[in-house]
Amino acid sequence: NTDPAIRLNASLLPVLPRAGRIGLFCQSGAIGRTLMDRLAVRGLGVSTFMSAGNRADVSGNDLLQFWADDPGTDVVLLYLESIGNARKFARLVHAVARVKPVAMVRAGGAEHRHPLGHAVGRTQLPARAAEQVLADCGLVVVDRVADLLDVAAIAAQQPLPGTGPPVVVANSDALATMARNALAAAGLDATRPPVLLPRSATADELTAAVDAAARDAGLVLVVHVPGADTTASATEGPWRLDQDVPVVAVLPGSPGPRPGPPGVPVFQDIEDAVLSLAHLSRLAQWRRGQADRVALPPTALAPVHLAAGRQSGAALADQLADAGLTPRLRVTAAAGGLAWRVRLTTDPLYGPVVCVGVDDPVAEVLGDRSWRLAPVSAAGALEMIAGLGARSTVLPDPVDAEDVATAADLVAAVSRWYLDVPGLAGLDLRDVRVDRGEATVSDVVAEVLDHAAVAEPDVRRLREVPVAGR
């Protein structure tokens, strides 16, 4: 803890790290020390750092709860080799990410080996589904430690991207083209023409160009290479920036990092800078979407009790519809129009998860499915449908807004059924057709456990250990 009032170093680090506003949780002591060294090289400091090993009594979830209210921490970084209580983790990340960026590089997964001593549950979700579930919580997930540090360098010094398009400010047309290509490859808008400056541009000219670009941009990417007859002084600033969108500099052309203006993250490679900006742009978009989501109202229905075991057929769908769980769902033979598939499953790691996609074998093989933690609101279900690849290839154009809204209502209702049907572990609605505000289904299968509720995952508990001689 680098707080001047505490200054605690109970770690393997030889000296107290530089003070900063980054909270770092790491399961591996060796990786933790490496991360601390690399943060220091970038001029970044930490508020608190913990290496928890195999989490005998303190976990990443505990630190997330601490950092949520810690005034000295603005950015949270996680290096996780496994996730213990994933349901609680997702809830905590969702709460923290609304106010502070949370970024994670994950060393373990469903198909990866874990270090010795990690006895953890494994998800049954496809890899892409797990990514969607975590992304819906606002978590920034990266593949490499270097990517984690890149995201931290921007998030700790700059605001999140705004709603405007990215703008490239460069003193080379070739570098500007590379930057715009990288933006497009990362899924960002690359339509805005770049602002081109001469190689001899001064710091004042660069400052003016960046300030002008930031007025209606979502982010500003500065790409600068010194000319043969100039120095790098134009990028050493200060630039006297006054903007509320992130400004990131790419200063290539030297074997080591070139100094940049204070407070502006500096990268050597365009692709690294753009990848980090894309991660943070998605986080900013997620936050804006959270403000638009409507809270789920509490259920007022009496629980619907189904017999334990596997059930299928029209009778089950009728029973669910008659109970008022889905007032616009009825059972019928297959009709015309597009067929949907809606599923509710209980994953051993993440808990109740809802899935929607086109009921088509090709879409199934391609993994064109949207997954979210249950329950979801109707607005969240609309986001799920909008994220389907079939949205632009299979669905009719123009899409009937009422039919899409009905499908979203059905997805939202199904996502709540595990609350209304005690013991419901899985539900699969196939061949769901939507027409003029009404949903029909011809195939339904449910899995119901023989106890009153789906069990929570293992949680940490103190237990009495017998001691010899007592």
Discussion item. As a quick check of understanding, evaluate side-chain contact (heavy atoms from CB on, under 4.5 Å) for Val102 and Trp67, giving each step before the final call.
Written reply: CA-CA 10 Å; Val102 182; Trp67 283 321; over 6 Å; no
Worksheet item: Does the Gln132 side chain pair with the main chain of Met384, one donor and one acceptor, at a distance under 3.5 Å?
Response: no
Worksheet item: Could you state the interatomic distance from OG (Ser28) to CG (Leu80), rounded to the nearest 0.5 Å?
Response: 12.0 Å
Worksheet item: Given Trp340 and Leu388, is the side-chain contact (heavy atoms from CB on, under 4.5 Å) satisfied, shown in steps?
Response: CA-CA 12 Å; Trp340 298 89; Leu388 292 171; 3.7 Å; yes
Worksheet item: Counting N and O atoms only, with roles assigned by atom type, does the side chain of Gln158 sit under 3.5 Å from a partner on the main chain of Gly263, one being a donor and the other an acceptor?
Response: yes
Worksheet entry | Atom pair CG (Asp136) and NE2 (His94), whose distance is rounded to the nearest 0.5 Å | 6.5 Å
Worksheet, complete the sentence: Arg33 meets the salt bridge (charged side-chain N to carboxylate O under 4.0 Å, His left out) criterion, sequence neighbours left out, with none
Worksheet item: Can you tell me if Ser415 uses its side chain to pair, donor with acceptor, with the backbone of Val376 under 3.5 Å?
Response: yes
Item to complete: State whether the side chain of Gln285 and the backbone N or O of Ser281 hold a donor-acceptor pair below 3.5 Å, judged by distance alone.
Response: no
Discussion item. Under the criterion side-chain contact (heavy atoms from CB on, under 4.5 Å), I'd like the reasoning laid out for Ser172 against Val223: C-alpha separation, chi angles, the key distance, then a yes or no.
Written reply: CA-CA 8 Å; Ser172 164; Val223 186; over 6 Å; no
Worksheet item: Do you know the tightest heavy-atom contact between Ala381 and Ala408?
Response: CB-O, 3.3 Å
Discussion item. According to side chain to side chain donor-acceptor pair (under 3.5 Å), who are the partners of Arg18, at least two apart in sequence or on a separate chain?
Written reply: none
Item to complete: Would you please name every residue forming a salt bridge (charged side-chain N to carboxylate O under 4.0 Å, His left out) with Arg38, sequence neighbours left out?
Response: none
Worksheet item: Atom CG of Leu125 and atom OG1 of Thr345: how far apart are they, to the nearest 0.5 Å?
Response: 6.0 Å
Worksheet entry | OG-CG distance between Ser370 and Leu382, expressed to the nearest 0.5 angstrom | 11.5 Å
Worksheet, complete the sentence: For residues 7-16, the side chain to side chain donor-acceptor pair (under 3.5 Å) pairs (sequence neighbours left out) are Asn9-Ser11
Fill in: Heavy-atom pair of closest approach, residues Gly23 and Thr73
N-CG2, 3.6 Å
Worksheet item: Within the distance-only criterion (no hydrogens, no angle test), does the side chain of Arg416 pair as donor or acceptor with the backbone N or O of Pro375 below 3.5 angstrom?
Response: no
Worksheet item: Considering only heavy atoms from C-beta outward, does the side chain of Trp417 approach that of Val354 to under 4.5 Å?
Response: no
Worksheet item: Distance from Leu92 atom CG to Asp62 atom CG, nearest 0.5 Å?
Response: 9.0 Å
Practice prompt. Decide yes or no for Asn61 and Leu64: does some side-chain heavy atom of the first lie under 4.5 Å from some side-chain heavy atom of the second?
Written response: yes
Worksheet item: Going by heavy atoms in the side chains, are Tyr418 and Thr346 under 4.5 Å from each other?
Response: no
Worksheet item: Under 4.5 Å between any side-chain heavy atoms of Met36 and Val46, yes or no?
Response: yes
Item to complete: Give the C-alpha distance, both sets of side-chain angles, the deciding distance and a yes or no for salt bridge (Lys or Arg N to Asp or Glu O under 4.0 Å) between Arg42 and Asp150.
Response: CA-CA 9 Å; Arg42 290 171 174 253; Asp150 289 343; 2.5 Å; yes
Worksheet item: For the residue pair Ala186 and Val274, what are the closest heavy atoms and their distance?
Response: CB-CG1, 3.7 Å
Discussion item. Quick check: closest heavy atoms across Val105 and Val145, and the distance to 0.1 Å?
Written reply: CG2-N, 4.1 Å
Fill in: Donor-acceptor contact present, side-chain Arg91 to main-chain Ala86, <3.5 Å
no
Worksheet, complete the sentence: Scanning both residues in full, the closest heavy-atom pair of Leu280 with Pro161 reads O-CD, 3.7 Å
Discussion item. Testing Val248, Val168, Leu206, Val195 one by one against Val222 for a side-chain contact (heavy atoms from CB on, under 4.5 Å), which residue passes?
Written reply: Leu206
Worksheet item: Would a distance-only check, ignoring hydrogens and angles, find a side-chain to backbone donor-acceptor pair under 3.5 Å from Ser47 to Gly20?
Response: no
Worksheet entry | Side-chain heavy atoms of Leu78 within contact of Phe89, under 4.5 Å | yes
Practice prompt. Output, in order, the C-alpha distance, side-chain angles, deciding distance and verdict of side-chain contact (heavy atoms from CB on, under 4.5 Å) for Cys26 and Phe49.
Written response: CA-CA 8 Å; Cys26 190; Phe49 159 62; 4.2 Å; yes
Worksheet item: Within a strict 4.5 Å, meaning less than it, do heavy atoms of the Val250 and Asp269 side chains meet?
Response: no
Worksheet item: Which residues pass the side chain to side chain contact (heavy atoms under 4.5 Å, CB included) test with Pro165, sequence neighbours left out?
Response: Asp189, Arg192
Worksheet item: Is there side-chain contact between Gln157 and Leu44, with at least one heavy-atom pair below 4.5 Å?
Response: yes
Practice prompt. Start with the C-alpha gap between Arg343 and Glu364, add the side-chain angles, then the distance that decides, and say whether salt bridge (Lys or Arg N to Asp or Glu O under 4.0 Å) holds.
Written response: CA-CA 13 Å; Arg343 282 176 285 174; Glu364 187 79 38; 3.6 Å; yes
Worksheet entry | Short side-chain to backbone donor-acceptor contact, Lys100 and Val76, under 3.5 Å | no
Worksheet, complete the sentence: Those residues at least two apart in sequence (or on a different chain) that pass salt bridge (charged side-chain N to carboxylate O under 4.0 Å, His left out) with Arg144 are Asp147, Asp272
Practice prompt. Identify the two heavy atoms, one from Arg87 and one from Pro352, that lie closest to each other, and give their separation to 0.1 Å.
Written response: NH1-CD, 4.3 Å
Item to complete: Compare all side-chain heavy atoms of Pro101 with those of Arg287 and state whether any distance is below 4.5 angstrom.
Response: yes
Practice prompt. State whether the side chain of Asp347 and the backbone N or O of Gln124 hold a donor-acceptor pair below 3.5 Å, judged by distance alone.
Written response: yes
Worksheet item: Take atom CD in Glu205; do more than 12 heavy atoms of anything else shown fall under 6.0 Å from it?
Response: yes
Worksheet entry | Inter-residue atom distance Asp173.CG - Leu196.CG, 0.5 Å rounding | 5.5 Å
Item to complete: Could you tell me whether the side chain of Asp74 and the main chain of Arg21 form a donor-acceptor pair under 3.5 Å?
Response: no
